[in-house]
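Chain naming here is simple, since letters A, B, ... match the order of the sequence lines and numbering starts at 1 in each.
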Amino acid sequence: MNLDSIYTEIITEYSQSKHNERTIDSPTKSLKGHNPSCGDEINLEIKIKDNIIEDAAFTGVGCAISRASTSIMIDLIKGKRIKDALNLVDTFIGMIKREITNDEDLEILEDAMALKNISNLPARVKCAVLAWHTLKQALE
Amino acid sequence: MNLDSIYTEIITEYSQSKHNERTIDSPTKSLKGHNPSCGDEINLEIKIKDNIIEDAAFTGVGCAISRASTSIMIDLIKGKRIKDALNLVDTFIGMIKREITNDEDLEILEDAMALKNISNLPARVKCAVLAWHTLKQALE
Amino acid sequence: MKQISVDDIRKDFPVLNQTINGRKLIYLDNAATTQKPNTVIKSIENYYKSFNGNPHRGAHYLSLKSTEIYETGRKKVANFINASSTREVIFTRNATESLNLLAYSYGMNFIEEGDEIVISIMEHHSNLIPWQQVAKSKKAVLKYLYTNEEGIITEEEIKKKITDKTKLVSIAHVSNALGTINPIKFIIDYAHSRDAKVILDAAQSLPHMKVNVKNLDVDFLVFSGHKMLAPLGIGVLYGKENLLEKIPPFLYGGDMIEYVYEDSTTFAELPHKLEAGTQNVAGVLGLTKAIDYLNEIGMDNIEEMESELTSYALEKLDSLSEIELYGFKGISNRGSVISFNVKDVHPHDTASILDAYGVAIRAGHHCAQPLMRYLGINATCRASFYFYNTKEEIDLFIESLKNVRKWLGYES
Amino acid sequence: MKQISVDDIRKDFPVLNQTINGRKLIYLDNAATTQKPNTVIKSIENYYKSFNGNPHRGAHYLSLKSTEIYETGRKKVANFINASSTREVIFTRNATESLNLLAYSYGMNFIEEGDEIVISIMEHHSNLIPWQQVAKSKKAVLKYLYTNEEGIITEEEIKKKITDKTKLVSIAHVSNALGTINPIKFIIDYAHSRDAKVILDAAQSLPHMKVNVKNLDVDFLVFSGHKMLAPLGIGVLYGKENLLEKIPPFLYGGDMIEYVYEDSTTFAELPHKLEAGTQNVAGVLGLTKAIDYLNEIGMDNIEEMESELTSYALEKLDSLSEIELYGFKGISNRGSVISFNVKDVHPHDTASILDAYGVAIRAGHHCAQPLMRYLGINATCRASFYFYNTKEEIDLFIESLKNVRKWLGYES
Ligand SMILES: Cc1ncc(COP(=O)(O)O)c(C=O)c1O
Ligand SMILES: Cc1ncc(COP(=O)(O)O)c(C=O)c1O
């Protein structure tokens with residue numbers, strides 16, 4: 001396994017940046033996502049107005065991959081319509097599961113494409129998808 | 001394994017002869033011996049007078065080896081004092097366990113010496129010793 | 001049927017090519033356990049030489065490899081029995097543990113006072129004593145399906161015993177003592193019409209014929225790997241997902257939990273909820289390779305090969321006047337198991353004498369004492385075949401059998 | 001100490017001589033499972049090539065051979081732990097099953113409302129959840145022995161928690177999460193003075209040091225074969241004969257019975273009473289060969305070799321400012337397990353990065369969530385050694401560790 005393809009600059013930067021790590025005042029939705037086998041836990045909060053995700057943030061503990069993935073996701077979905085956010089989630093999970101492999105189809109994921117290679121590291125796939133599954137549950 | 005050394009003439013004759021297979025009128029002791037893994041069961045009856053085994057007999061089901069062993073034992077102990085019968089039992093079990101190997105020491109077992117080779121057939125050792133263990137229990 | 005050479009098959013099984021005390025080994029004790037092909041043996045060796053690690057718990061290479069092997073095995077089993085999902089496949093040690101798991105987790109929690117549990121008189125002790133215990137502990141009633149004079153469980157008997165009070169029916173697909181194939185489709189459908197659940201003990205069927213849990217619509221099914229070419233120490237419990245969801249865990253420990261607090265615990269999802277502690281990955285790999293081997297030959301072919309062997313043996317045995325056969329005599333509706341006795345000879349003597357001729361059969365109650373008592377016999381000899389046996393072996397078995405009475409001093 | 005060359009030892013372990021992704025494998029996950037020497041691997045292969053049969057049930061050669069192998073293994077285990085008799089040695093699947101057997105057969109039958117069960121905060125989930133369940137079901141009280149600031153369970157704590165109400169103490173000899181060796185002799189003696197029975201979870205001690213059940217006077221002891229060079233799928237429960245006599249069977253099925261009637265059953269004598277169904281003979285043979293291997297090296301030597309490795313590693317780790325160590329820091333009173341974290345780095349990242357360097361360690365809660373919570377941490381990295389590890393491996397481990405923070409974008 002090639003570490004360069006996993007712990008990329010995007011991932012390490014996002015994992016260290018705390019700009020999405022906070023709580024939101026009176027969020028529309030607040031949902032816990034957890035990964036018992038790792039002990040990872042995130043609490044995802046989102047504020048929705050007129051079907052648009054106005055704000056999102058998270059708190060919790062997790063590894064670099066799960067933190068980076070969560071933060072990238074939040075940056076990506078803010079300002080998006082719920083429908084579009086859900087589409088992003090499906091695309092992301094499709095990418096990790098290697099069901100969507102065409103780079104053009106993945107482009108909408110922007111920075112989240114940096115997590116593509118995580119599928120080479122089966123033990124860490126759960127870390128990468130935790131936030132996305134949680135978001136999906138929160139929105140559905 | 002050499003069948004000749006197991007199914008000897010003595011064994012097959014004793015196993016077919018029914019001369020000790022009967023019940024005794026008002027026996028002093030009556031004891032069930034069983035071997036659950038084979039399904040063998042014998043009921044041993046003995047009549048004791050003045051510390052002497054006056055009569056003994058058995059009923060039940062069992063393989064040729066267990067039947068022969070039982071019948072040989074009964075022939076051997078009839079008329080013997082309890083103490084001597086117990087000594088015979090110990091000698092027999094010692095022979096089967098290969099703890100007594102000297103033929104001179106085994107001579108008192110008479111026909112029961114025919115069962116010596118059963119120790120080469122571990123699966124059948126239990127059949128050979130069933131009656132003797134039962135007798136020991138009955139006498140002690 | 002594609003061209004299958006038994007000679008080629010036998011080359012794959014080292015044990016079968018052994019000579020014991022100067023005699024060719026003839027292994028006819030396949031209902032007890034089967035021999036293993038080289039692919040299975042080799043896979044265990046490879047596992048311990050290259051992949052050994054504790055699965056599910058680690059992020060390192062060996063642990064990941066082990067997890068992959070383990071979960072691939074689960075998929076293989078799910079496909080083999082046509083389960084809807086891998087969540088329905090639980091690995092256990094053997095059929096016995098699978099049945100006890102059901103008794104403890106299902107029986108002790110869903111059977112209530114006055115409920116009825118129905119089993120058959122020909123159950124293996126593993127599918128009998130656990131239900132006795134449940135019945136005793138829950139004040140439920142344990143009822144038996146008996147066979148008629150022809151050795152079969154009739155539809156009348158089934159309709160009589162399975163009632164609206166019946167909560168559970170647990171039955172052997174094929175009897176290990178007699179070879180009888182039970183009318184399980186009728187039993188399952190009838191039990192369902194009375195709202196009872198059905199457990200199928202497939203220990204003696206799955207190795208020999210296609211068993212499709214979806215077609216059968218069976219609620220639970222159990223089997224042992226070692227009776228189908230796989231190593232010792234691995235078994236399976238299949239259960240419909242909604243039922244497995246409902247039952248509490250059986251064994252508690254590592255890998256079956258979600259969160260553990262000092263005074264309470266939440267459990268993992270299926271299938272992990274029902275698998276505690278370090279699992280037998282090498283066993284699962286062996287089972288995977290065993291299923292590959294069986295699929296390669298084809299279960300249809302296996303059934304046909306064995307049916308031919310069994311008919312052949314039955315015919316030969318039937319022609320010997322000193323042989324008494326037990327159970328259903330026909331060849332239809334029976335597995336590759338034959339129970340018999342030699343007249344005047346205790347089965348243990350027969351088994352010991354045959355062993356001296358290199359022929360391995362089994363003698364005893366075959367873990368079915370109530371059946372023996374019901375049939376009024378003490379014990380039987382049992383010859384049981386697998387697809388790797390040959391007619392020549394059966395000939396030698398029959399020839400040896402002819403000598404048994406002579407050894408015991410009978411004229412003929 | 002006789003001359004022992006680790007290089008020679010390592011030749012016996014195929015897994016250790018592997019290269020993974022171009023890097024030498026450094027296996028430091030021995031608390032999860034150990035690697036197997038060739039003698040163990042070969043014995044399984046031989047078993048399936050020459051001796052495979054169902055033990056205890058047959059009069060034929062393969063069945064007799066299997067029975068002999070199985071019962072010889074029992075003697076070997078009895079001698080290894082210094083049991084009084086083979087009747088005290090029960091084969092199970094693993095330590096988890098042994099503990100669950102005790103929970104179901106001993107706990108559920110001898111613990112009553114208001115009784116107290118004492119375990120420690122550092123128990124593996126396998127020795128924790130079963131007792132939670134017993135306590136819940138029997139309305140008994142589950143109490144924990146906590147560690148002090150130095151990471152040890154003090155005599156005061158023991159005297160406070162073990163009272164006249166205590167019926168059972170179940171405790172790990174060595175913690176799999178921290179490596180702490182618990183004061184078990186004191187606990188056993190004190191518990192006995194209060195008429196409580198003691199179960200020792202020796203899963204992490206028996207592979208690494210001499211454990212003598214008679215000297216310890218322990219009532220029950222459990223361990224897993226796979227953590228001491230033996231194959232997966234075989235474990236042991238030791239119990240004092242009079243206690244094992246008292247407890248009812250756990251699993252019901254073949255080979256553990258005396259007489260089975262339609263509505264009742266009588267059970268076989270020890271040890272068979274507690275072993276149901278077809279047993280894992282190949283597993284027992286592998287365990288036998290594993291014990292031979294350990295005896296060949298000598299448990300005293302093993303303890304010394306590992307203690308040297310552990311001190312060496314501890315010293316190196318302690319000198320790295322970015323490493324935080326957990327548990328008792330001294331080398332006396334600890335097994336060959338080290339729990340640590342890299343500053344600012346989640347243990348899963350550390351494990352994945354080390355894996356890329358070929359170093360296998362474990363990251364997580366180590367099946368000890370209550371302990372993690374008690375220590376106020378989420379998860380740790382764990383390196384665990386066996387006698388076949390070397391100082392060079394530890395050097396490489398440390399070197400790899402130094403790179404971890406860089407991969408995550410930290411300056412140093
Ligand atoms: C019909 C049947 N059920 C259950 C079992 C139990 O299998 P195991 O001993 O592998 O648990 C057997 C085999 O012994 C069997 O033949
Ligand atoms: C202290 C301790 N107890 C019990 C166990 C459970 O062992 P197994 O998973 O082999 O049943 C382990 C290992 O995982 C352990 O370290």
Could you have a look at [options] and say which one has the most heavy-atom pairs with chain D under 4.5 angstrom?
options                      : value
C:I361, C:N94, C:I20, C:T34  : C:I20
C:Y374, C:Y261, C:Y27        : C:Y261
C:N280, C:D263, C:V260       : C:V260
C:N100, C:L251, C:T33        : C:N100
C:I44, C:D29, C:V359, C:N127 : C:D29
C:N17, C:L99, C:L64, C:I257  : C:I257

So what's closer than 4.5 Å to chain C heavy atoms on [X]: side chain, backbone, both or neither?
X      : value
D:Q279 : both
D:L371 : neither
D:Y144 : side chain
D:Q35  : both
D:S224 : neither

Review point. Is the shortest distance from a Lys or Arg side-chain nitrogen in C:E262 or D:R373 to a carboxylate oxygen in the other one below 4.0 Å?
Key: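 No.
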
Count the heavy-atom pairs under 4.5 Å between each of [options] and chain C, then report the option with the highest count.
options                     : answer
D:G233, D:A360, D:G53       : D:A360
D:L142, D:N52, D:V40, D:I41 : D:N52
D:E45, D:H348, D:K49        : D:K49

**Study point:** Interchain contact, C:L62 with chain D, by part (heavy-atom threshold 4.5 Å)
**Key:**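 For C:L62, side-chain heavy atoms alone lie under 4.5 Å from chain D.
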
Using the benzene-type ring in the case of Trp, are the ring centres of [X] and [Y] under 6.0 Å apart?
X      : Y      : answer
C:F267 : C:Y252 : yes
D:F13  : C:Y48  : no
D:H124 : D:H366 : no

Exercise for review: Please test C:Y70 against C:E275 for side-chain hydrogen bond (donor to acceptor under 3.5 Å, both in side chains), starting from the C-alpha separation and ending with a verdict.
Suggested key: CA-CA 12 Å; C:Y70 190 72; C:E275 294 176 357; 2.8 Å; yes

Point to revise | Parallel, tilted or perpendicular: ring planes of C:F51 versus C:Y47, cut at 30 and 60 degrees | key: tilted

Exercise for review: Decide if atom NZ of C:K42 counts as having more than 12 heavy atoms of other residues, nucleotides or ligands within a radius under 6.0 Å.
Suggested key: no

Check your understanding: For the side chain to side chain contact (heavy atoms under 4.5 Å, CB included) test, which of C:K227, C:R362, C:Q204 pairs with C:N176?
Key ->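 Exactly one pass, corresponding to C:Q204.
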
Practice item. Can you see which heavy atom on D:L287 is nearest to which on D:P231, and at what distance? Key: N-CD, 3.9 Å

Revision key, fill the gap. All heavy atoms of C:S352 vs all of D:A59, minimum pair found to be OG-CB, 4.3 Å

